[in-house]
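Below is one structure, written out as structure tokens; the observations come after it.
Every number for a ligand or one of its atoms is a count from 1 in the order of the listing.
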Amino acid sequence: NTIYGSWKKISADDQSKDELYEMKVTFNRMIDHLRENFEKQEMFVSDASHELKTPISIVKSYSQLMKRRGADNPELLEESTEAIESQADRMQKLVEQMLLLAKSKDQDVYKLFNLIELGRSTAETFNGAYERDIIFNTSAQALQVNGSRDQLEQVLYILMDNAIKYSEEAVTLSIREKGRHAEITVKDNGLGISEADQEKIFDRFYRVDKSRSRETGGTGLGLSIAKAIAEAHGGKINISSTLGKGTVVTLSLPIHPTHEN
Ligand code: ADP
């Protein structure tokens with residue numbers, strides 16, 4: 001109604017019919033775009049609230065339990081405080097990741113940096129943190145990318161973290177030059193993802209197996225953050241996976257034109 005109302009106002013002007021038609025089309029396209037974005041935001045707020053509801057109600061019920069029966073029950077006290085702490089951790093992670101998602105389009109901080117150095121240091125960090133073979137594979141000395149090192153580090157952390165969470169053996173991080181792009185792959189030989197799920201795992205809050213993912217501390221936001229950051233950098237992220245065999249996630253980023261090996 002409002003859209004039409006505004007258009008009728010425009011038509012009162014002395015523009016030609018063709019011009020008016022063009023204006024109407026552009027205007028309606030803008031409105032559709034705004035509406036789509038607004039609906040996405042609404043959906044995000046509603047999904048985020050839903051995700052926060054569960055830990056909040058767990059915290060509440062444990063507090064009530066402690067109030068009622070905690071005074072002379074040290075076991076119950078211990079169980080409750082542990083549960084409350086772990087739910088608080090979960091909420092903290094959710095909020096931190098939602099902020100990351102909100103900041104993923106910020107391009108003010110972009111500058112040139114060496115992607116190979118980032119890959120190497122990420123592999124070293126994970127090597128130190130896990131008793132697992134973390135293999136770093138590259139033949140390039142340097143690949144210059146224009147972007148946020150911090151945000152792309154976050155992306156590599158998300159992909160490495162998933163590969164480790166959903167597999168038990170070695171994880172390989174490789175970087176190679178492919179045309180004008182740097183191709184970064186994270187490969188594991190773990191659980192894999194079914195074809196039906198592969199279509200959805202980049203959606204916000206989507207988890208393949210909620211209970212398993214909750215145990216492993218997943219929020220379902222990791223891959224949507226990775227995708228948003230990759231796209232803001234003019235890149236792409238793809239997944240190739242076989243259930244029961246393993247997963248390869250490929251992140252492709254444009255190399256800066258002045259880059260020299
Ligand atoms: P989460 O925080 O739950 O890991 P993500 O958005 O990072 O959220 O991933 C979404 C879902 O995709 C996960 O819940 C998991 O089921 C699946 N997934 C992601 N990476 C892998 C992988 N390397 N192997 C198997 N499953 C994966």
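- Between Arg207 and Gly220, the shortest heavy-atom contact is CG-CA, 3.6 Å.
- Contacts with ligand 1 closer than 4.0 Å are made by no heavy atom of Val186, backbone or side chain.
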Show which side-chain atoms of residues 240-255 pair as donor or acceptor with protein atoms under 3.5 Å away, not counting sequence neighbours.
residue: Ser241; atom: OG; partner: Ile193; partner atom: N; Å: 2.8
residue: Ser241; atom: OG; partner: Gly246; partner atom: O; Å: 3.1
residue: Ser241; atom: OG; partner: Thr247; partner atom: OG1; Å: 2.8

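- Annotation: side chain to side chain donor-acceptor pair (under 3.5 Å) contacts involving residues 59-80, sequence neighbours excluded, comprise Tyr62-Glu79.
- By the 3.5 Å distance cut-off applied to N or O atoms, Ile158 is not counted among the residues near ligand 1.
- Considering backbone and side-chain atoms alike, Arg207 places every N or O at 3.5 Å or more from each N or O of ligand 1.
- Between Arg132 and Glu169 no salt bridge is recorded (no basic side-chain N to carboxylate O distance below 4.0 Å).
- Annotation for ligand 1: atoms under 4.0 Å from non-hydrogen atoms of Lys165 are 1 (P), 2 (O), 4 (O).
- Distances from atom 12 (O) of ligand 1 to the heavy atoms of Ile239, Leu221, Ile201 put Ile201 nearest.
- In this structure, Gly190 does not count as a contact residue of ligand 1, since none of its heavy atoms falls inside 4.0 Å of the ligand.
- The shell of residues lying under 4.0 angstrom from ligand 1, judged by heavy atoms, includes Ile193.
- Here the closest heavy-atom approach between residue Ile134 and residue Ala123 is recorded as CG2-O, 3.9 Å.
- Between Tyr206 and ligand 1, a contact under 3.5 Å exists for no N or O pair.
- When each of Ile239, Ile237, Ile184 is paired with Leu159, the side-chain contact (heavy atoms from CB on, under 4.5 Å) condition holds for Ile237 and for no other.
- Taking a cut-off of under 4.0 Å to the non-hydrogen atoms of Gly220, the atoms of ligand 1 that pass are 1 (P), 2 (O), 3 (O), 6 (O), 8 (O).
- Relative to the ring axis of Phe44, Arg204 places its NZ or CZ within 45° and under 6.0 Å from the centre.
- In summary, the atoms of ligand 1 found under 4.0 Å from a heavy atom of Leu223, numbered by their order in the structure, are 5 (P), 6 (O), 7 (O), 9 (O), 19 (C).
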